[in-house]
Every structure is written in structure tokens, then in C-alpha cells.
2 protein chains.
Amino acid sequence: MDMKIKIVDVATKAGVAPATVSRVLNDSSKVTPKTKAKVMKIINELGYQPNAAAKNLRSQKTMTIGVVVPDISNSYFSEVIKGIGNIAYSKKYKVVICDTENNAEKELEFLNLLTTRTIDGVIMVAPMLSNEIILNFADHEYSIGIVGRQIDHERIPCILTDNVKFSMQVISHLVGLGHREIAIINGSSHAVDSSNRLEGYLKALKEHQIPFHPELIENGDFNETGGYEAFKRLLAKKIRFSAVYSANDEMALGVYRACSEHGIQIPMQLAVVGVDNNRISKYLNPPLSTVNQPKYTMGALLVEKLIDMMNENEDAENRILKVESELLIRGSSDYKIKGRE
Amino acid sequence: MDMKIKIVDVATKAGVAPATVSRVLNDSSKVTPKTKAKVMKIINELGYQPNAAAKNLRSQKTMTIGVVVPDISNSYFSEVIKGIGNIAYSKKYKVVICDTENNAEKELEFLNLLTTRTIDGVIMVAPMLSNEIILNFADHEYSIGIVGRQIDHERIPCILTDNVKFSMQVISHLVGLGHREIAIINGSSHAVDSSNRLEGYLKALKEHQIPFHPELIENGDFNETGGYEAFKRLLAKKIRFSAVYSANDEMALGVYRACSEHGIQIPMQLAVVGVDNNRISKYLNPPLSTVNQPKYTMGALLVEKLIDMMNENEDAENRILKVESELLIRGSSDYKIKGRE
DNA sequence: AGTTAGAATGAAAACGATTTCAATATAGTA
DNA sequence: TACTATATTGAAATCGTTTTCATTCTAACT
């Protein structure tokens, strides 16, 4: 290949010192317009590109941030990534992505890129790791941001929506349609999101003076299959319910499948509401009611905050970012019914 | 933060030279089991992690490969990425992703990571850049792999399916259902894929002795909106056609929308077949017939080949990888009809 | 013109690993 | 035991920048 040209090559050809070339490129210290022009001319002539590794080594930063997501093919996460990517890109940061496939070990291993200084910071979207582990990294001065969960550490920016609040909205909406036996297919029971959503569910029931039946709670794994199986378990209990609140759209997909197998008509016999506004949801038959979170914005705002904090442009005051969700009522819950055996 | 420990710290504490520690870590040259154990013990004790930038600089590689896709939220691309990511990961490579949002400039700019040595190689999925530009990079000894297009350069591995072949299958399938006026919504007219798909379309018509009507061809931009608009243009021509072959599922989504607006029944009044087997397709109403490409496998095989070629483990003989596609017949084309005005 | 403050530039150190090459230890053979 | 061939180890160079600190230049002021 063509011998890679180095900063010293540019320097000698331009008749200056390497330091000057560096200064031209990073316009840090002042350089005379004249020498700047001279150096730039040579840089273009030679097509010089600074070596990233050398730069990283000397400057002690890599200008890249990592993003860990449970599943890149889920549109929720890919939208968040888009937001992160665009903002990062505009600030000259690169983005390396890790799709953990819901594997906590892989998530942990990815965090090692922090310790090897391969990345300057990391954004964890709906992390699987315990707060404890994450806090430990933050204690060691690594930069971490979280999407979708709140972690209390002054170095960790978080962005989230109010799970309790929108869950109450969902339930209220269903109650408004006449439902009183409302099942919930929640995420895995130890996830913080899940407990918040359950809290909203319970709070709303209470508000509407509807008795709570513990049998109406099931947990899935946030996947289509998990939703399918959870719904089958609900059916097996032979209890009355006329609506299902699914903790995400993906699991609602499983509910749809089970319903079609059992000949249950949505929304006439069963109302369904999900969360996430997955790309698929509006194309379902009937279109799925869901809670829309501003995914792109969440990614964008958080990465901005994280970069600011990394560069110490920001006080740690408002490191908890909250955004509003919105209930989208579609065909899967637009029908007033009485109930179902 | 805790003072980052370096290889020399490990070395002194273990009573050996830095070189030995390096050898233990990279088990290249032989080290006595005894000293190896001694060094490993200290490494673990101190929790030593080698600095990536220093490593990259000295070894002249970064162990990361870049991936450029037009749209990360399209399940076609995210599946390819999954395949790439998993294999790369297993070979100790990191993956940097660039979502170009169909922006050719962004694609070009990303290739700069090659010249700055930020990445060791790059995989372009359905690239927008001209062959010329890509070939130029390859000529400068940069490692590039292509998914979904064939580029003739001994250094560029490619993986693709036979567009002509599966297009013929699609058309034959439609003809088998009794269709004789078959419209095609192709990709942008200058894309190689598009011309291949058109070739397959024409070839199949000829084979079945069906006259070709140029008005039945429209081009979209591979997005929902593009498909919608292309279909509207077809309708505006007031010509007879009873089936549409859409160059991807995304555009077929637009066809569905237009049909629902115009009260056109799929598949009774119009058969629709797409390409890609997008995650959404089987959930549509009716489910969309489509051509499935082994996306995950394509990503996986190509990255494997690319890495092999980068490390010169491989001759350049079989750098063109071909995989089979499969026509999935679903509800959007399972109805025999005569035609439509 | 001479002095000096401040700006522009250069020389050399530093970043933290790998790798080459020389030196030493080990084992095998006579 | 002495010698040689080989396997381990260490010293020092190296990768290509940025940055510190010293030096030179410029211009402004007396």
C-alpha cells in the first residue's frame, strides 16, 4: 500500500515542526494564518490523515462511546440508537454497539471496553446488570449513562419516562371502556420497570375502586414467546378478564397469536394495550394500542448529557432526565364491552 | 480515579520485564508455566487491563471493524448486523456501526475511519456509493466487504443472493396464480439490485410468453413512502394490472396503505409480493408474501471471510459468496384471479 | 534604537503497549 | 564435566501523535 504518511512528513515538507502541524489540525494554540495556510496546503496535497491510535494514546481519549442494548432488531432500541448516533456523530464521537441478546454476561463483558480505554463512556439501554455492578463502575470514574432506568449516582445521567404514570393512563383508558377485570403481563418480576408498571396498575385500580385479583398478574420476558406463554397461563386459570395490559408490544404480539389460536376476537372479546409503540404495532390487525415513548429523543438527550458530563461542561444537578409518554389508542382497545368468561 | 496500572507496574511487582508480561497476555512466544502463573497472579491481583490505544498503536491494528447500513431500524439490516456482530465478537473484534440514513456523504465519511486507522476493515451493507469509489479504497489496500452487491476486486469479498433468480420465481408464482399484468415497483433505477430484479422480471415474462408493458414499471426509494407514491403513480396511469412485485417489503407497506385508501382488496383484487421478509411482513393483514434472504447468515459469513482475508488466512479464490433466497407465499398472493381494471 | 511583553514556533518528552535483538538460563550430548 | 543448541527472558527501540517548556520572533512602547 502507499506508505502511510505521518505528521512528520507533512512537517518537513511544509518546513515546520510536527507540533505546528498538530496545532493546525487541532487549532488549539494560535498559529499564524500564513503558516496555517502553508501547512493546510501540504496536508491536502499529501492527503494526510492522523493516526487514531497515536492520537488516542497521547490524548487519553478515544472519542467513541459504547451503547449496549438487549436486542438491536427491536425497533425500540434501534430508535434509541439512532438518536444516540446522530448526536454523537455531530459531536465527533463514534459509536460502538453491543447487542447482548439479553445476555447479562455479554453486557458485563462489554463494560470492559471502559477499563481498557477503548471507549470513553457507555450508554446502557434497559440494562440487565444490577445497580450494584453499575454503581461500582461509576465509582471508578467511568462514564455511564442509562436509558430507561434510574440509578442514583451523581456521575450517572439517566433518562426515563414515568412508568407509574403511563400505566395508570392505560388502566384508566381500559376502565373507561368498561373493563373491570384487567390482566397484566409484566416484564420479569425483578426489573425496576416492572415494579413501577405494577404500581401504576394497582394505583389505577384503587383510584377506580376496582378490586385487585393477584391471579391477573403474569410475567413474561419481553419477547413474543414470553407474551404468548404468559397469556396461555392466564387462560389456563379460567378466570374472567376482558383486557390485557402488556408491558411491551413485543409480548402483545404473543397475545395476538394466542388469541388467534383460541379464536378470541380483539377488541370485541379482549382489549389489548402494549408499551413501546414498536414499528410493527400499527400494522397489526387490529392495530395495537400502545404507549409511545420518545425513543429517538431519549437517546439524543442522554448522549448529549453524558458527553457534557464527560467533558465537565455540566453540573450534576439535572442528571435525571424525564420525558413524557403518550397513550396511542388504536383498534385493539376501541370497543366498549361488558366482560368475558 | 484509581491510578490506572500499567504493564510496567505488573512487571515490577512480578519481578519480570514488561516484555514478559506482554508475552503472557498474548501468549505468542513461549513463557515458562512457572513465570506465566506468577505473572497471571499479579495481573489478577492488580486487575490489570492493557490500554487499547497503546496496543493499537504498536500492533498497528484495532481489532474493530466498521459496518455501514442505510437504516439500522430496518429489520433487514439489523439482522445482518446481528450476524456480523456475533461472529466478530467471537473472534475478538469490536463492531462500530454507522447508520447513514440513506445519506451517501455520511457513508463516504465513515470510510475515513479506515484511513485514520480507527478500524481495520469495513462492511458495507447495500452501499450507496459508486463502485468506483469503493474500488479506489480497495486499491489502497483497505479491507472492505460488501453485503448485497457484487464488486469485482480481488480484495473485496461480497455476499449476495441471485436477484435475477428469485425475481423470476416471484413472477412465475404470480403467473401461476393467473396474473398476466404484473406491475413492478423497483428500487432506484441506478442501483445494481434494481437492474437485476428488472432483468429477472423481464426474463420471467418472456419465459411465460407474456407481453411486456413498460408502463408497469415504477421506481421507489425503498421506503414506505416511496412505495406508496410509486403505487399511486401506477394507479394514475389507469392501466390494467392484477399484481405488484415490490422490490422490498418496506415499499409494499406503502402499497398496502394506498390499497386501503382506495378500497382495493388484497389479494382478491391485487396480489402483492415483496422482498426481504421484514419482521413486520408476517403480521400484516393479509400477511405479505415475500422473498426471504438469510440475513443473519449473510452477515456472519461475510465478516468471517473478511477477517480471514485481513489476516491473510485465505486465498482470494472464493471471495464471492452466494446464498439462496426462498419465496414465502403468504396471504397477499394466495388467490387465483383473472385480472383487474 | 533599545527594551520588553506576548505571540508563534520548535525540540523533546510522554502516552503504554509490542517486538526485535541480545543476553542468559536450561537441557541435551559427548 | 564441558560444550553446544535451544528455550526464556530482558533492554531498548518503536508505533505516531500531543503537549510542555524553552526559544525565537514580532511589535509596541519608551
Side-chain angles (χ1 to χ4, degrees), chain A residues 1-40 42-43 46-64 92 112-118 120, chain B residues 1-40 42-43 46-64 92 113-120:
Chain A
M1 96 172 77
D2 22 68
M3 248 285 284
K4 197 66 193 163
I5 53 174
K6 309 182 279 193
I7 199 171
V8 58
D9 301 323
V10 176
T12 34
K13 185 147 188 191
V16 299
T20 303
V21 178
S22 172
R23 281 190 272 253
V24 168
L25 249 19
N26 304 294
D27 55 27
S28 48
S29 318
K30 299 269 150 79
V31 184
T32 293
K34 199 170 132 192
T35 53
K36 178 166 180 174
K38 182 172 59 176
V39 171
M40 281 308 286
I42 304 294
I43 287 177
L46 268 44
Y48 168 69
Q49 300 275 152
N51 177 295
K55 199 166 182 157
N56 294 346
L57 175 57
R58 176 61 230 217
S59 62
Q60 301 286 52
K61 45 178 154 164
T62 61
M63 297 303 281
T64 99
K92 309 281 185 201
N112 258 332
L113 295 188
L114 286 171
T115 64
T116 61
R117 303 295 179 192
T118 305
D120 294 340
Chain B
M1 92 174 80
D2 23 63
M3 247 283 282
K4 197 68 193 162
I5 53 172
K6 307 182 279 191
I7 199 170
V8 58
D9 301 324
V10 177
T12 34
K13 184 147 189 196
V16 297
T20 303
V21 178
S22 171
R23 281 190 272 254
V24 168
L25 249 19
N26 304 293
D27 56 24
S28 49
S29 318
K30 300 268 150 80
V31 184
T32 292
K34 200 171 131 191
T35 53
K36 179 167 180 174
K38 181 172 60 178
V39 171
M40 283 306 288
I42 305 295
I43 287 176
L46 266 45
Y48 167 69
Q49 300 275 152
N51 176 296
K55 197 166 183 159
N56 294 345
L57 175 57
R58 175 63 232 219
S59 61
Q60 301 285 51
K61 43 179 155 165
T62 62
M63 298 302 282
T64 99
K92 310 283 185 199
L113 296 188
L114 285 170
T115 64
T116 61
R117 304 294 178 191
T118 303
I119 57 181
D120 294 340

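Below, chain A is the first sequence line, B the second, and so on; all start at residue 1. The model shown is predicted, which means the values in this text are computed figures rather than measured ones.
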Euclidean distance, atom [atom1] of residue [X] to atom [atom2] of [N] [Å, nearest integer]:
{"X": "R23(A)", "N": "dT17(D)", "atom1": "CZ", "atom2": "P", "answer": "15 Å"}
{"X": "K30(A)", "N": "dT19(D)", "atom1": "NZ", "atom2": "C1'", "answer": "17 Å"}
{"X": "I43(A)", "N": "dT17(D)", "atom1": "CD1", "atom2": "P", "answer": "11 Å"}
{"X": "K36(B)", "N": "dA7(D)", "atom1": "NZ", "atom2": "P", "answer": "17 Å"}
{"X": "N56(B)", "N": "dT17(D)", "atom1": "CG", "atom2": "P", "answer": "14 Å"}
{"X": "N26(A)", "N": "dT19(D)", "atom1": "CG", "atom2": "P", "answer": "7 Å"}

When we call it a touch if two heavy atoms are under 4.0 Å apart, what does V16(B) touch: a base, just sugar-phosphate, or nothing? sugar-phosphate

Report the residues that fulfil side-chain contact (heavy atoms from CB on, under 4.5 Å) with [X], sequence neighbours left out, ordered by chain and then residue number.
{"X": "T35(A)", "answer": "V31(A), T32(A), K38(A)"}
{"X": "Q60(B)", "answer": "N51(A)"}
{"X": "T118(A)", "answer": "L113(A), T116(A), A52(B), K94(B)"}

Angle of first-five versus last-five pair axes in the helix from dA1(C)-dT30(D) to dA30(C)-dT1(D), to 10 degrees: 50°

Within the modelled atom types, does a donor on one side and an acceptor on the other bring the side chain of R117(A) and the base of dG16(C) under 3.5 Å apart? no

Going by the rule side chain to side chain donor-acceptor pair (under 3.5 Å), which residues pair with D120(A) if we only count those two or more places apart in sequence or in a different chain? T62(A)

State which residues pass side chain to side chain donor-acceptor pair (under 3.5 Å) with T115(A); sequence neighbours excluded, sorted by chain then number. N112(A)

May I ask you to verify if any side-chain N or O of T20(B) is less than 4.0 angstrom from the OP1 or OP2 atom of dT9(D)? no

Please report the closest heavy-atom contact between V24(B) and M40(B), naming both atoms and the distance. CG1-SD, 3.6 Å

Identify the two heavy atoms, one from L25(A) and one from Y48(A), that lie closest to each other, and give their separation to 0.1 Å. CD2-CE2, 3.5 Å

Hey, could you give me the CG/CZ distance between L57(B) and R58(A), rounded to the nearest 0.5 Å? 12.5 Å

From K30(A) atom NZ to R23(A) atom CZ, the distance as rounded to the nearest 0.5 Å: 13.0 Å

Any N/O pairs under 3.5 Å between the protein and nucleotides 14-16 of chain D? List them or say none.
residue: dT14(D); atom: O2; partner: R58(B); partner atom: NH1; Å: 2.6
residue: dC15(D); atom: O3'; partner: Q60(B); partner atom: NE2; Å: 3.3
residue: dG16(D); atom: OP2; partner: K6(A); partner atom: NZ; Å: 3.2

Which of these nucleotides, dT19(C), dG10(C), dT9(C), is closest to any side-chain atom of V31(A)? dT9(C)

Name the closest nucleotide to the T32(A) side chain, picking from dA11(C), dA8(C), dT19(C). dA8(C)

5' to 3', nucleotides 22-28 of chain D under a 4.0 Å protein heavy-atom cut-off (B base, S sugar-phosphate only, - none) gives -------

When the side chains of residues 12-21 of chain A are checked against the rest of the protein, which donor-acceptor pairs come out under 3.5 Å, sequence neighbours left out?
residue: T12(A); atom: OG1; partner: V8(A); partner atom: O; Å: 2.7
residue: T12(A); atom: OG1; partner: D9(A); partner atom: O; Å: 3.0

Run K4(A) and R117(B) through side chain to side chain contact (heavy atoms under 4.5 Å, CB included) and show every step you take. CA-CA 10 Å; K4(A) 197 66 193 163; R117(B) 304 294 178 191; 4.2 Å; yes

